[in-house]
Amino acid sequence: QVQLVESGGGLVQPGGSLRLSCTASGNIARINAMGWYRQAPGKERELVATITSNGMTNYAESVKGRFTISRDNGKNTVYLQMNSLKPEDTAVYYCNADVRFYIGSFRNGVYWGQGTQVTVSS
């Protein structure tokens with residue numbers, strides 16, 4: 001099956017920056033949209049940003065102007081550059097991908113990474 005692995009999380013001070021990466025692996029034929037979601041303690045998972053295979057992006061209003069999503073199709077990797085981080089950005093960040101893959105036949109599925117913790121605190 002398809003696996004997504006995130007990296008790049010950590011502890012950062014308010015106003016600082018982090019760059020998250022997520023790489024998909026498996027018998028992948030095509031990745032359509034990829035995205036980042038986050039979930040803070042006691043809250044539901046929410047959309048942060050998405051990007052299509054052609055590079056069209058969409059952002060939550062709360063991160064617009066501060067975060068930038070990008071992808072490298074050749075590496076099956078999506079990135080999230082996070083600048084001007086705020087304490088309210090603290091959450092587990094999850095990578096998401098809509099994948100067309102091959103296991104005996106071509107199939108489609110939505111996959112999630114294991115999450116990477118981002119903590120913004122002084």
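- Ring centers of W36 and F67: at least 6.0 Å apart, outside the cut-off.
- In this structure, S25 and V2 have side chains that are not in contact, with every pair of non-hydrogen atoms separated by 4.5 Å or more.
- A distance of 10.5 Å separates NZ in K43 from CD in E88, rounded to the nearest 0.5 Å.
- Both I28 and M34 belong to a common hydrophobic cluster when Ile, Leu, Val, Met, Phe, Trp and Tyr are linked at side-chain heavy-atom distances under 4.5 angstrom.
- Note that SG of C22 is 10.5 Å distant from CG of L80, once rounded to the nearest 0.5 Å.
- Within the model, atoms OG1 of T23 and CG of L4 stand 9.0 Å from one another, a figure rounded to the nearest 0.5 Å.
- For the pair I31 and N76, the minimum side-chain heavy-atom distance is below 4.5 Å.
- Side-chain N or O atoms of T90 include one that pairs as donor or acceptor with a backbone N or O of V120 at under 3.5 Å.
- Because its NZ or CZ atom is both nearer than 6.0 Å to the ring centre of Y94 and within 45° of the ring axis, R45 counts as a cation-pi partner of that residue.
- Between Y79 and R19 there is a side-chain heavy-atom pair separated by less than 4.5 Å.
- Listed for the R66 side chain is a donor-acceptor partner under 3.5 Å among the backbone atoms of S84.
- Contact of the Y93 side chain with the M82 side chain is registered, since non-hydrogen atoms from C-beta on lie closer than 4.5 Å.
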Test side chain to side chain contact (heavy atoms under 4.5 Å, CB included) applied to L18 and L85, step by step: CA-CA 8 Å; L18 285 173; L85 283 162; 4.2 Å; yes
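- More than 12 heavy atoms of other residues, nucleotides or ligands shown are found within 6.0 angstrom of CD on Q114.
- Using modelled atom types, one side-chain atom of Y59 and one backbone atom of I69 make a donor-acceptor pair closer than 3.5 Å.
- Atoms CG and CZ, from N54 and R71 in turn, are 8.5 Å apart once rounded to the nearest 0.5 Å.
- Heavy atoms of other residues, nucleotides or ligands lying less than 6.0 angstrom from CD of Q39 number more than 12.
- Note that CD of E6 is 10.5 Å distant from OG of S21, once rounded to the nearest 0.5 Å.
- Between the side chain of T116 and the backbone N or O of G9 there is at least one donor-acceptor pair closer than 3.5 Å.
- Under the 3.5 Å distance criterion, the side-chain polar atoms of T77 are matched with a main-chain donor or acceptor of K75.
- Across all their heavy atoms, G16 and V12 have their closest contact at CA-CG2, 3.8 Å.
- V5 and Y111 fall into different hydrophobic clusters, defined by Ile, Leu, Val, Met, Phe, Trp and Tyr side-chain heavy atoms under 4.5 Å apart, directly or through other members.
- The shortest distance between side-chain heavy atoms of S17 and Q81 falls below 4.5 Å.
- With rounding to the nearest 0.5 angstrom, the CG atom of N58 is 6.5 Å from the CG atom of L47.
- Two residues are said to be in side-chain contact when any heavy atoms from C-beta on lie closer than 4.5 Å; L20 and V118 meet this criterion.
- Between the side chain of D72 and the backbone N or O of V78 there is no donor-acceptor pair closer than 3.5 Å.
- For E44, the CD atom counts as loosely surrounded, since its 6.0 Å shell holds 12 or fewer non-hydrogen atoms of other residues, nucleotides or ligands.
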Side chain to side chain contact (heavy atoms under 4.5 Å, CB included) assessment of R38 paired with D89: CA-CA 9 Å; R38 66 187 181 187; D89 295 318; 2.9 Å; yes
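- Side-chain contact between T68 and T57: absent, with no pair of heavy atoms (C-beta onward) separated by less than 4.5 Å.
- Under the 4.5 Å side-chain criterion, counting only non-hydrogen atoms from C-beta, F106 is not in contact with N108.
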